[in-house]
Amino acid sequence: MNEAPTLTGLARQLVNANLLDERTAAQAQAQALRNKIPLVSYLVQHKLASSRAVAEIAAEQFGVPLCDLKAIDKDSQPRDLVSEKLCRQHRVLPLYRRGNKLFVALSDPTNHQAVTDVQFSTGLSTEALLVEDDKLGDAIDRFFEAANSGMEDLADVDLDGLDVQAVDENKEDGVAGESADDAPVVRFVNKMLLDAIKGGSSDLHFEPYEKVYRVRFRTDGILQEIARPPIQLAPRISARLKVMAALDISERRKPQDGRIKMRISKSKSIDFRVSTCPTLWGEKIVMRILDPSSAQMGIDALGYEPGQKDLYMAALKQPQGMILVTGPTGSGKTVSLYTGLNILNTVDVNISTAEDPVEINLEGINQVNVNPKQGMDFTAALRAFLRQDPDIIMVGEIRDLDTASIAIKAAQTGHMVMSTLHTNSAAETLTRLRNMGVPSFNIATSVSLIIAQRLARKLCVHCKKDAQIPREALLEEGFPQDQIGSFKLYGPVGCENCNGGYKGRIGIYEVVKNTPALQRIIMEEGNSIDISAQMRKDGFNDLRTSALLKAMQGITSLEEVNRVTKD
């Protein structure tokens, strides 16, 4: 074949070992060069060869030792020697240092430039060890995720001396004062908070009952029981949490709200929103972990399909109009809004937000905490914003006609308005506004985009398994008949890297642009069924269709699709 003479290095060795034929190897080598990625990565990504087989052949042919990444002590990996840019550019990972020698992981033994650049950057003698390409990619991601988040500091946090401050908008911040809590209670509470952060939980529930006291964490949207401390400690745990949040520990008959800032290292602090509620057997306390980094993820990480992302970006570029995000509590509405605000947050626009309460702090945005007791409700905040030369306004939630009317007038008078509603679908959002008393004409002319959303758990990439489901069952679930057989479905298993087969969550979206046909139905006061039918005619996927797409892509399971989109 005329491709044979062009084969070099690893490609030639893989052909000699009968792992690839010459034509495939030549095409892969050319395509990898065109895509500017290592040949090994191209072969593994396109499933032309298994990562393990390539690594074994490369190790044997080039005389480079094969290393198991699981055997590497993560704590011994040098974190400040090689920059993230260099590691990702060359697909290389520092493993450990022995005196003046640095050992690094590579998946391509012919990548001598990587070793040279690392050696030049560190001034250390550098030796390469060979690892499997797919495991190397995951290891690089985990290495720099830990370094950037500061979570590696949590392993050595002093549970007794943790720096905890109460955050109160009406008082100066201060370290939580003395209480009757003894050291074991302080340590237990601190450990619960740190475990929740390390586990990626979103909420902590401290719940007293007649004979038991339990602590549950909400992780990836699912509550799990974590601990059952002695029931005798319930009053002390509640008192400790209330002291940390600067709440009144003598008041046990009324709900209270507070905030805690926990500093876990010099550069990393975590905020908690605290809510107490009197129950039959004591005070239930729920803490929401507020993660500012969630607004910095970028729109590509949220899970929008390409067409949905284009609709959202186009709406953000409009000088005026209203973008509404809808869904139940905990469906990621705030993150969707703040991702859009982050895109719009430039020096040439004035952005103001009114929230109850402010969950994510962003520099460059004027954020207001709604406080009805002091006369600062959503309506008052909106009126104030309109006198402050705004370009973009974000209202935490439209709850009543006054707020809706002012928001719509703002959207009609040259401002971009973003807000949320608690409805189940895009069609119901439009009818909810009409039921509040907003005239149909105002709805049709002001609302430019509606996003209904849910959060589904993502399957663990390390342990997910093929799910064998009969064709009839797939048709019954709603999968497209013409595509059955062209995709594979997966189910959860469970391993050391995940929670019951799932790790992380991804958004499921219904993104609908207000088209002339929809405007006509709104003006004619059509119901949500009529509106929904027109949305499907206009080509906008509903939540169920979007969720099935995620299952077809292998991102989530059919069980999870049914959990988040069941009727």
Regarding [X] and [Y], does a basic nitrogen lie under 4.0 Å from an acidic carboxylate oxygen?
X	Y	value
Glu560	Arg454	no
Lys309	Asp300	yes
Arg471	Glu476	no
Asp466	Lys488	yes
Arg544	Glu477	yes
Arg52	Glu56	yes
Asp203	Arg216	no

Would you confirm whether [X], through its side chain, and [Y], through its main-chain N or O, come within 3.5 Å as a donor-acceptor pair?
X	Y	answer
Thr565	Val561	yes
Thr545	Asn541	no
Asn499	Tyr502	no
Arg563	Arg457	no
Arg218	Gly221	yes
Lys333	Pro328	yes
Gln453	Gly327	no
Lys550	Gly303	yes
Gln308	Glu305	yes

Salt bridge (charged side-chain N to carboxylate O under 4.0 Å, His left out) assessment of Lys458 paired with Asp220
CA-CA 9 Å; Lys458 292 195 292 185; Asp220 294 335; over 6 Å; no
Side chains of [X] and [Y] only: does a donor on one sit below 3.5 Å from an acceptor on the other?
X	Y	value
Asp21	Thr24	yes
Glu510	Ser546	no
Arg214	Tyr209	yes

For residues [X] and [Y], report the shortest heavy-atom separation together with the two atoms involved.
X	Y	result
Leu93	Ala139	CD2-CB, 3.7 Å
Lys284	Pro208	CA-CD, 3.9 Å
Cys495	His462	SG-CB, 4.1 Å
Asn497	Cys460	CB-SG, 4.4 Å
Thr339	Val335	OG1-O, 2.7 Å

With a 4.5 Å heavy-atom cut-off, do Phe487 and Gln553 have their side chains touching?
no
Has Tyr96 got more than 12 heavy atoms of other residues, nucleotides or ligands less than 6.0 Å from its OH?
yes
Within 45° of the six-membered ring axis of Tyr490 and under 6.0 Å from that ring's centre, is NZ or CZ of Lys464 located there?
yes
Relative to the ring of Tyr304, is the ring of Tyr509 parallel (under 30°), tilted (30 to 60°) or perpendicular (over 60°)?
parallel
Pairwise distance CG(Leu130) to CD1(Ile57) - rounded to 0.5 angstrom:
11.5 Å
